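Residue numbers start from 1 in every chain, and the chains themselves are labelled A, B, ... in the order their sequence lines are given, proteins ahead of strands. Because the structure is predicted, anything quoted here is derived from the model rather than measured.
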Amino acid sequence: MKNYWLFKAEPDVYGIEHLAAETRKTGRWDGIRNYQARNFLRDQVALGDKVFIYHSHCKVPGIVGSAKVVKTAYPDPTQFDPDSNYYDPKATPANPRWVSVDIELEEIFAELISLAKIKQCALTTHEALGEMVLLRQARLSVQPVKATEWNTIQQLRK
DNA sequence: GCCAACGTTGGC
DNA sequence: GCCAACGTTGGC
């Protein structure tokens with residue numbers, strides 16, 4: 001069964017525009033250094049799963065587009081690179097600690113769906129959205145999205 | 001830039 | 001294993 005996810009990104013570092021600029025619009029989702037997020041990536045993110053790309057730490061945070069998973073978890077190469085911001089001296093190729101997946105851009109939304117709008121709708125027209133991990137748990141950069149939530153968010157685009 | 005809400009580290 | 005100190009995320 002297909003699952004849905006939300007991946008957070010800082011657009012200044014690696015946002016949806018960067019993904020769009022990659023060969024075949026396919027990029028490596030690396031730099032995840034949170035165990036809960038890592039466990040989702042490693043254990044549950046499957047081929048063909050759909051992903052909302054969310055821009056955080058920017059002027060208007062929100063969902064900016066969608067992608068699909070084209071390669072499941074493999075060791076994140078940045079953990080072995082001393083020059084990388086994501087270098088982890090405790091990780092070795094024989095014993096990797098962090099994983100990446102590859103995703104392919106599907107769509108950049110004509111208008112982003114702002115966090116403010118999602119919150120607003122959760123309080124008014126679409127109460128179920130209040131259950132979204134996005135609104136319930138801070139600081140989780142890979143998080144599951146229910147199919148109903150995915151569909152509701154898609155409706156908000158109209 | 002502020003600061004709340006976390007997660008991580010390390011002394012004991 | 002507890003918990004204080006510290007670091008990071010991320011909205012505002």
Rounded to whole Å, the CD-P distance (A:Gln143 to C:dT9) equals 15 Å

Quick check on the 6.0 Å ring-centre criterion: do A:Trp150 and A:Phe52 meet it?
yes

Options B:dG7, C:dG10, C:dG11, nucleotide nearest the side-chain atoms of A:His57
C:dG10

For residues 110-128 of chain A, which residues have at least one heavy atom under 4.0 Å from DNA chain C?
A:Leu115, A:Lys119

May I have the distance from A:Ile32 (atom CD1) to C:dT8 (atom P), rounded to whole angstrom?
16 Å

Determine yes or no for a side-chain-to-main-chain donor-acceptor pair under 3.5 angstrom, with A:Glu149 supplying the side chain and A:Lys146 the backbone.
yes

A:Gln79 side-chain N/O to A:Arg97 backbone N/O, donor-acceptor pair under 3.5 Å:
yes

So if I take every side-chain heavy atom of A:Tyr35 and compare against B:dT8, C:dG11, B:dG7, which nucleotide ends up nearest?
B:dT8

With distance as the sole criterion, is a donor-acceptor pair present between the side chains of A:Tyr14 and A:Glu22 under 3.5 Å?
yes

Are A:Trp98 and A:Tyr87 an aromatic pair, judged by ring center distance below 6.0 Å?
no

Nearest whole angstrom, please: distance from the P of B:dT8 to the CG of A:Asn34.
6 Å

Under 4.5 Å side-chain heavy-atom separation, chaining through any Ile, Leu, Val, Met, Phe, Trp or Tyr, what else clusters with A:Leu123? Say none if it is isolated.
none

Looking at B:dA5, C:dG10, C:dG11, which one has an atom nearest to any side-chain atom of A:Ala138?
B:dA5

A:Gln137 has its side chain closest, among C:dG10, B:dG7, C:dG11, to B:dG7

Just the rounded figure in Å: distance from P of C:dT9 to OH of A:Tyr86.
8 Å

Of A:Arg136 and A:Lys90, the one whose closest DNA chain B nucleotide lies more 5':
A:Arg136

Taking OP1 and OP2 of C:dG11, is either one under 4.0 Å from a side-chain nitrogen or oxygen of A:Tyr54?
yes

What residues form a side-chain hydrogen bond (donor to acceptor under 3.5 Å, both in side chains) with A:Trp29, not counting sequence neighbours?
none

Selected nucleotide, minimal atom distance to A:Lys8 side chain, candidates C:dG10, B:dT8, C:dG11:
C:dG10

Would you mind reading off the distance between A:Glu10 atom CD and C:dT8 atom C1', rounded to a whole angstrom?
10 Å

Whole-Å distance separating the CG atom of A:Leu134 from the P atom of C:dG10
10 Å

Whole Å only: how far is the CZ atom of A:Arg38 from the P atom of B:dT8?
10 Å

Atom pair distance, as rounded to whole Å: CG in A:Asp88 and P in B:dT8
12 Å

